[in-house]
2 protein chains.
Amino acid sequence: MNNTRFATVVHILAMLADNEGEWLSSDWIASSININPVMVRKELGLLQERGLVVTRKGKEGGSMLQKNSAEISLADVYALVKNADVLGKKNLHTNPNCPIGKQINSELGGLFAKTDGLVSAYLQGITLDEFVRQFR
Amino acid sequence: MNNTRFATVVHILAMLADNEGEWLSSDWIASSININPVMVRKELGLLQERGLVVTRKGKEGGSMLQKNSAEISLADVYALVKNADVLGKKNLHTNPNCPIGKQINSELGGLFAKTDGLVSAYLQGITLDEFVRQFR
DNA sequence: TTTAATCGTAACAACTTTTATTACAATTAA
DNA sequence: TTAATTGTAATAAAAGTTGTTACGATTAAA
């Protein structure tokens with residue numbers, strides 16, 4: 001991946017986990033990451049959809065974790081931000097008249113899936129709680 | 001990763017492995033992938049630097065494998081095309097006055113390195129020979 | 001009831017990365 | 001000498017990423 005979304009979402013969740021029971025505003029979180037608060041709100045929207053955080057609008061609004069931080073894994077974050085396979089994209093339009101071109105995408109498909117599975121399984125074993133505990 | 005370079009380089013190597021001892025032109029290889037031959041030549045240049053292929057210029061020129069396909073692993077390909085970590089980029093400029101902002105990049109650094117290592121180790125165990133053998 | 005803070009979201013701009021393409025000098029086998 | 005090929009620069013086009021502004025809707029508190 002060539003973006004900062006995983007790092008951003010982990011940062012957001014780490015802030016929430018470190019301030020359990022408090023409504024943190026997107027502005028406040030953004031100022032720790034040093035990015036635009038709109039970017040934070042976009043990610044928070046996805047985190048809400050997945051039931052990981054709950055958000056309250058209006059004055060004194062903000063977000064907090066909806067689940068215990070021991071019940072959130074980094075694989076949840078990965079699934080949220082994943083928009084490409086670990087090994088990248090296939091070349092669509094390979095030549096069907098070439099033996100290699102004809103079959104390679106099916107072979108690459110299997111390889112890509114296994115590689116992604118490996119990463120997800122690894123991240124599944126790391127909870128937000130464990131990750132944040134390192135900060136203390 | 002959000003590009004096709006891994007798929008492209010594997011395709012190139014698969015073609016060369018499937019035609020051992022023959023000089024394949026970048027045009028010929030490109031026509032199987034259905035991309036521009038210049039893209040193929042760029043990747044071939046990197047493969048040469050790493051001693052994986054040898055290229056001959058001029059008429060009847062082209063490329064062939066320099067190593068046995070059983071001595072080339074997909075980790076070699078990954079190392080060649082890798083330009084970002086599996087989990088993406090860190091947010092540089094995090095707030096040093098925030099306990100999370102201050103430490104998160106060091107924590108993420110460890111996580112990113114372990115994840116990348118996992119992928120490389122997996123790919124290390126797959127040779128080009130094995131991969132190409134699937135086509136037969 | 002009013003005010004002020006906050007979210008949600010659209011719209012757009014700026015920047016970076018990726019891919020495609022053209023062109024041509026240098027090289028080499030026939 | 002010719003024709004095919006590589007190497008590479010230059011540039012353009014497309015796609016992806018990040019930053020920013022703006023503003024309506026919502027909500028707690030004064």
Side-chain angles (χ1 to χ4, degrees), chain A residues 1-9 11-12 15-16 19 22-31 33-50 52-64 66 80-85 87-94, chain B residues 1-9 11-12 15-16 19 22-31 33-50 52-64 66 80-85 87-94:
Chain A
M1 280 197 300
N2 222 342
N3 62 40
T4 55
R5 293 186 60 211
F6 183 89
T8 297
V9 175
H11 196 137
I12 292 170
M15 295 282 289
L16 296 176
N19 296 278
E22 292 175 47
W23 297 104
L24 300 192
S25 74
S26 60
D27 257 63
W28 177 248
I29 296 169
S31 76
I33 311 178
N34 220 325
I35 62 174
N36 195 290
V38 174
M39 303 299 286
V40 173
R41 294 204 285 274
K42 283 176 186 168
E43 301 298 354
L44 281 169
L46 299 173
L47 287 165
Q48 284 173 74
E49 282 177 10
R50 310 225 169 184
L52 300 177
V53 314
V54 56
T55 293
R56 195 171 67 164
K57 294 178 184 172
K59 190 171 181 179
E60 309 283 297
S63 303
M64 60 171 69
Q66 190 161 20
L80 184 91
V81 304
K82 187 174 192 297
N83 62 356
D85 289 346
L87 299 178
K89 295 186 284 204
K90 291 167 197 142
N91 287 295
L92 314 173
H93 319 306
T94 52
Chain B
M1 279 198 299
N2 223 340
N3 62 41
T4 56
R5 293 188 60 212
F6 184 89
T8 297
V9 174
H11 196 138
I12 292 169
M15 296 281 288
L16 296 177
N19 295 279
E22 292 176 47
W23 297 104
L24 300 193
S25 75
S26 61
D27 256 63
W28 178 249
I29 297 169
S31 75
I33 312 178
N34 219 325
I35 61 174
N36 195 290
V38 173
M39 303 299 287
V40 174
R41 294 204 284 274
K42 282 177 185 167
E43 300 298 355
L44 281 169
L46 299 173
L47 287 165
Q48 284 174 74
E49 282 177 11
R50 309 222 170 187
L52 300 177
V53 314
V54 56
T55 292
R56 196 171 66 163
K57 293 179 185 173
K59 190 170 182 179
E60 308 285 297
S63 302
M64 61 171 67
Q66 189 161 23
L80 185 90
V81 304
K82 188 175 192 297
N83 62 356
D85 288 346
L87 299 178
K89 295 186 283 203
K90 292 167 197 143
N91 287 294
L92 312 175
H93 320 305
T94 53

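Protein chains get the first letters and strands the later ones, always in sequence-line order, with residue 1 at the start of each.
- D:dT17 atom P lies 14 Å from atom CG of B:N91, rounded to whole Å.
- Along DNA chain D, the nucleotide closest to A:M39 and the one closest to A:K59 are compared, and the more 5′ of them pairs with A:M39.
- As a whole-Å value, the separation of B:W28 CH2 from D:dT6 C1' is 19 Å.
- Shown here are the side-chain hydrogen bond (donor to acceptor under 3.5 Å, both in side chains) partners of A:N2, two or more places apart in sequence or in another chain: there are none.
- Between A:R56 and A:V38, it is A:V38 whose nearest contact on DNA chain D lies nearer the 5' terminus.
- If you take CG of B:N83 and C1' of D:dT17, they are 14 Å apart, rounded to a whole angstrom.
- For A:W23, the CH2 atom sits in a packed shell: over 12 heavy atoms of surrounding residues, nucleotides or ligands are nearer than 6.0 Å.
- Counting to the nearest Å, the C1' atom of C:dC24 and the CZ atom of B:R41 are 11 Å from each other.
- Between B:N36 and the phosphate of C:dT22, there is no side-chain N or O to OP1/OP2 separation shorter than 4.0 Å.
- Contact annotation: B:S26 does not reach the phosphate of D:dT5 (side-chain N/O to OP1 or OP2, under 4.0 Å).
- Residue B:G45 is classed as having no contact, given no heavy-atom separation below 4.0 Å to the nucleic acid.
- Straight-line distance from the CG atom of B:D27 to the C1' atom of D:dT5: 9 Å, rounded to whole Å.
- In this structure, the side-chain hydrogen bond (donor to acceptor under 3.5 Å, both in side chains) partners of A:T55, at least two apart in sequence or on a different chain, are A:Q48, A:S63.
- The side chain of B:S25 contributes no N or O atom lying less than 4.0 Å from OP1 or OP2 of D:dA4.
- Side chains of A:I33 and A:M39 form no contact here, defined as non-hydrogen atoms less than 4.5 Å apart.
- In terms of phosphate contacts, B:Q48 brings no side-chain nitrogen or oxygen within less than 4.0 Å of OP1 or OP2 of D:dT6.
- Between A:W23 atom CH2 and D:dT27 atom P there is a gap of 11 Å when expressed in whole angstrom units.
- Judged by distance alone, with hydrogens and angles left aside, the side-chain atoms of B:S25 form a donor-acceptor pair with the main-chain N or O of B:W28 at under 3.5 Å.
- Protein atom CZ of B:R5 is 13 Å distant from nucleotide atom P of C:dA20, rounded to whole Å.
- Nucleic acid contact for B:S63: none, since no nucleic acid atom lies under 4.0 Å from a heavy atom of the residue.
- Taking for each of A:E60 and A:K42 the nucleotide of DNA chain C with the nearest heavy atom, the 5'-most of the two is the partner of A:E60.
- Counting only heavy atoms from C-beta outward, the side chains of B:N91 and A:N34 never approach each other to under 4.5 Å.
- Nucleic acid contact for B:N2: sugar-phosphate only, since backbone atoms but no base atoms lie under 4.0 Å from a heavy atom of the residue.
- Between its two ends, the helix from C:dT1-D:dA30 to C:dA30-D:dT1 turns its axis by 20°, counting five pairs per end and rounding to 10 degrees.
- Proximity of B:I35 to B:H11: side-chain heavy atoms (C-beta onward) are nowhere separated by under 4.5 Å.
- Closest approach of B:E43 and B:I12 over heavy atoms only: CB-CD1, 3.8 Å.
- Whole-Å rounding puts the A:N34 CG to D:dT18 P distance at 14 Å.
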